[in-house]
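A short worksheet on the structure shown next.
Here is how names work: the chains are called A, B, and so on, in the same order as the sequence lines, proteins then strands, and each is numbered from 1. Values reported hereafter were calculated over all heavy atoms of this structure, with side chains retained and with hydrogens, waters and symmetry mates removed. In this text, all values refer to a predicted model and were calculated from it rather than measured experimentally.
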Amino acid sequence: MSELRVRFAPSPTGYLHIGGARTALFNYLLAKKEQGTFILRIEDTDVERSTQESTDAILQAMDWLGLSYDEGPFYQSQRFELYQQKVQQLLDEGKAYKCYCSAEELAAKRDAALKRGDKPQYDGTCRDAAARSDDQPYVVRFKSAQEGITSFNDLIKGTISFNNQELDDMIIQRSDGTPTYNFVVVIDDAEMGLTTIVRGDDHVNNTPRQILIYKALGYAIPAFAHVPMILGADKKRLSKRHGATSVMAYRDMGYLPEALVNYLVRLGWSYGDEEIFSMQDLIEKFSLENVGKSAGVFNPEKLLWLNEHYIKTGEPQRLATLLREYLANDGISVPADIDLVEVVKTLQDRSKTMLEMAEKAAFYCSDTLVYDEKAQKKFITQDQQQIFELLVAQLQSCEFTHAGVEAAFAQVLEQTGLKFGKVGQPTRVALSGGTSAPGIFEVMLVLGRERCISRLNAALQLIG
RNA sequence: GCGCUCAUCGUCUAGCCUGGUCCAGGACACCGCCCUUUCACGGCGGCGACAGGGGUUCGAAUCCCCUUGGGCGUACCA
């Protein structure tokens, strides 16, 4: 076990989204690779917006992706006592102070500053003011450094420096007594012994403030690694209007978790020319050095290609289990004598998603076939009557193996003098209901002798 | 506005640190051909980028500066 300790710290105000999943994944991979510890912490200091449903949804999504954690989940809402203690400590040491400015006053000052073209900052009204009686509402502010430079060496972006004048006295405790993010994140990261903080680069600007708090509280400062954002096709931050952003929505759309994992890791990280990575590969090969600095555009097409790849190469047994669920979601139950593993084998090369596979598998399962209108009109006609009759006769007596049905089919070709296509396509329609389906012999074998004959007879009924 | 930051094909990227082997490689998408019992799979090929301008250098995608463009932040959200 190495000393490396990393964490994923989502706030439970919604489902786990694509960006969060990637951050979690990077942390997970780092921990596994270095045999360190991956901690899950729920940042629910905002009591208003945090919900149990969101926490559950995030946990479920991480589980689906295979991102297991070693410690946690810890809930910040259960650690308020610790935070209050730290606030008091800073107050006692004169490193923080009570501020009685109202939210309205502050908003007005902010607007004025913006108007002047200044960076809106707290002006320090209460910083040096005499203490007042506590029956007036107040927030607690951290006394930030007013001069000097705070810099850190980001493991992804390199050295980043901030002039301390840019940092104002931020609020660490709200007027309702609850602590704020930038304060608790430091306490928890420090108390939980984190050595490296891997998070989205929207936190870069928070880092110098946090470093100042680490120092004020006497904590060791961890290493930071800020992962670039994920953008939509219009280069705007990825959001719902760019399509699905929820991890679980991808499961619902028929994506395999390994496809999402593979896609997410390659968005912003690379390993030479390689594209396909299993979780095991990633644990061996992932490193922060190969993470790029620039934001990446989410490309649904490439994700789809990866999904296609994993379906194509997936274990039929496992896919069959999944297929049964997707089929069930469509209200389709699988007849006992239909071998779903065999169904999967006929569909793996033809399905980009499990949802698509379920659609294509439907015809195997239904008792009464629904014909595609055009196909029926063209291929279930008087012209096919003889073909179907001959085929039924052959199927009744042939050996029901690939070679057997192929031979039976050949017999029909010989008897009618027709080419394969002339017989094949109508048969395909009679058996599957449409003009596109897996190979005829494969379909027949999955369907079984009885079903083939009854479907052919049903087509004959329609003709006759 | 101010601060931080980024910049190679439409997109994800290799190359950049340690200049020449790069008239820039791979992948997705797209286009074409081949294979073929339908639909797919697959094989082969094509299209397509160093943001712009200055330097430094014998030589720059690679180093420096400026410009432009993008992202993030600027909350009693996280």
Requested in this report: Provide the distance between the two C1' atoms, one in B/G53 and one in B/A14, to the nearest whole Å.
Outcome: 27 Å
Report task. Figure out the CG/P separation between A/L231 and B/G69, and round it to whole Å. Result -> 17 Å
**Report entry** Side chain of A/R110 - closest among B/U38, B/G3, B/C76
**Finding:** B/C76
Requested in this report: Whole angstrom is fine here: how far is it from CD1 in A/I160 over to P in B/C72?
Outcome: 16 Å
Query raised in the report: Across all strands shown, which nucleotide pairs with B/U74 by Watson-Crick or G-U wobble geometry, both distances under 3.5 Å?
Result: B/G1
Requested in this report: Return no unless some side-chain N or O of A/T45 is found under 4.0 Å from OP1 or OP2 of B/A78.
Outcome: yes
Report task. Indicate whether the side chain of A/S77 and that of A/D44 have a donor and an acceptor atom separated by less than 3.5 Å. Result -> yes
Query raised in the report: When the distance from CZ of A/R428 to C1' of B/U36 is rounded to whole Å, what number comes out?
Result: 11 Å
**Report entry** Atom-pair distance (CD on A/E359; C1' on B/A40), nearest Å
**Finding:** 15 Å
Requested in this report: Give a yes/no on whether any side-chain N or O of A/K157 is located under 4.0 angstrom from OP1 or OP2 of B/C4.
Outcome: no
Query raised in the report: Is there a donor N/O on one and an acceptor N/O on the other, under 3.5 Å, for the side chain of A/S175 and the base of B/C76?
Result: yes
Query raised in the report: Are A/K236 and B/G71 close enough that a side-chain N or O sits under 4.0 Å from OP1 or OP2?
Result: yes
Report task. With C1' as the reference atom in both, quote the distance from B/C63 to B/C16 in angstrom, rounded to an integer. Result -> 10 Å
Report summary line: Under a 3.5 Å limit on both distances, the Watson-Crick or wobble mate of B/G59 is none
Query raised in the report: Taking the side chain as C-beta and beyond, is there a heavy-atom pair between A/Y69 and A/F8 under 4.5 Å?
Result: no
Query raised in the report: Could a donor-acceptor pair under 3.5 angstrom be found where the side chain of A/D202 meets the base of B/A78?
Result: no
Report task. Report the base-pairing partner of B/G45 (Watson-Crick or G-U wobble, both distances below 3.5 angstrom), or none. Result -> B/C31
Query raised in the report: Between A/Q85 and A/Q89, is any side-chain donor less than 3.5 angstrom from a side-chain acceptor?
Result: no
Report task. Find the partner of B/A7: check Watson-Crick (N1-N3 plus N6-O4 or O6-N4) and G-U wobble (N1-O2, O6-N3) distances, both under 3.5 Å, and reply none if neither fits. Result -> B/U68
Report task. Answer yes if the side chains of A/T159 and A/N153 hold a donor-acceptor pair under 3.5 Å, and no otherwise. Result -> yes
Query raised in the report: Does B/C34 sit syn or anti, given that only angles within 90° of 0 count as syn?
Result: anti
Report task. Enumerate the residue pairs fulfilling side-chain hydrogen bond (donor to acceptor under 3.5 Å, both in side chains) with a member in residues 227-237 of chain A, sequence neighbours excluded, ordered by first and then second residue. Result -> A/D202-A/R237, A/D234-A/R241, A/D234-A/H242
Requested in this report: State whether the distance check finds a donor on one side and an acceptor on the other, under 3.5 Å, for side chain A/E275 versus base B/G26.
Outcome: yes
Report task. Using a heavy-atom cut-off of under 4.0 Å over every strand shown, decide if A/G296 touches base, sugar-phosphate, or nothing. Result -> sugar-phosphate
Query raised in the report: Under 4.0 Å between a side-chain N/O of A/K293 and OP1 or OP2 of B/C6, yes or no?
Result: yes
Query raised in the report: Taking atom C1' in both B/G26 and B/U67, what distance in whole Å separates the two?
Result: 32 Å
Query raised in the report: Is A/D273 side chain donor-acceptor paired with the B/G25 base, going by distance under 3.5 Å alone?
Result: yes
Report summary line: To the nearest angstrom, the CG-C1' distance between A/L304 and B/A40 comes to 14 Å
Requested in this report: Could you pick out which residue, A/R141 or A/L303, lies toward the 5' side of RNA chain B when each is mapped onto its nearest nucleotide?
Outcome: A/L303
Query raised in the report: Using atom C1' of each nucleotide, how far apart are B/U8 and B/G15 to the nearest Å?
Result: 9 Å
Query raised in the report: Between B/U11 and B/C17, how far is it from one C1' atom to the other, in whole Å?
Result: 26 Å
Report summary line: Atom CG of A/L418 and atom C1' of B/U37 are separated, to the nearest Å, by 13 Å
Query raised in the report: On a plain distance test, is the side chain of A/R350 in donor-acceptor contact with the base of B/C41 below 3.5 Å?
Result: no
Query raised in the report: Side-chain N or O of A/R237 less than 4.0 angstrom from OP1 or OP2 on B/G73?
Result: yes
Query raised in the report: RNA chain B: A/E166 or A/W305, which has the more 5' nearest nucleotide?
Result: A/E166
Query raised in the report: Below 4.0 angstrom from OP1 or OP2 of B/A27, is there any side-chain N or O of A/R266?
Result: no
Query raised in the report: Using a distance-only test with no angle check, is there a side-chain donor-acceptor pair under 3.5 angstrom linking A/H309 and A/E275?
Result: no
Query raised in the report: What is the distance, rounded to the nearest whole Å, between atom CD1 of A/I172 and atom P of B/C76?
Result: 14 Å
Query raised in the report: Between A/F286 and A/Y271, is the ring centre distance below 6.0 Å?
Result: no
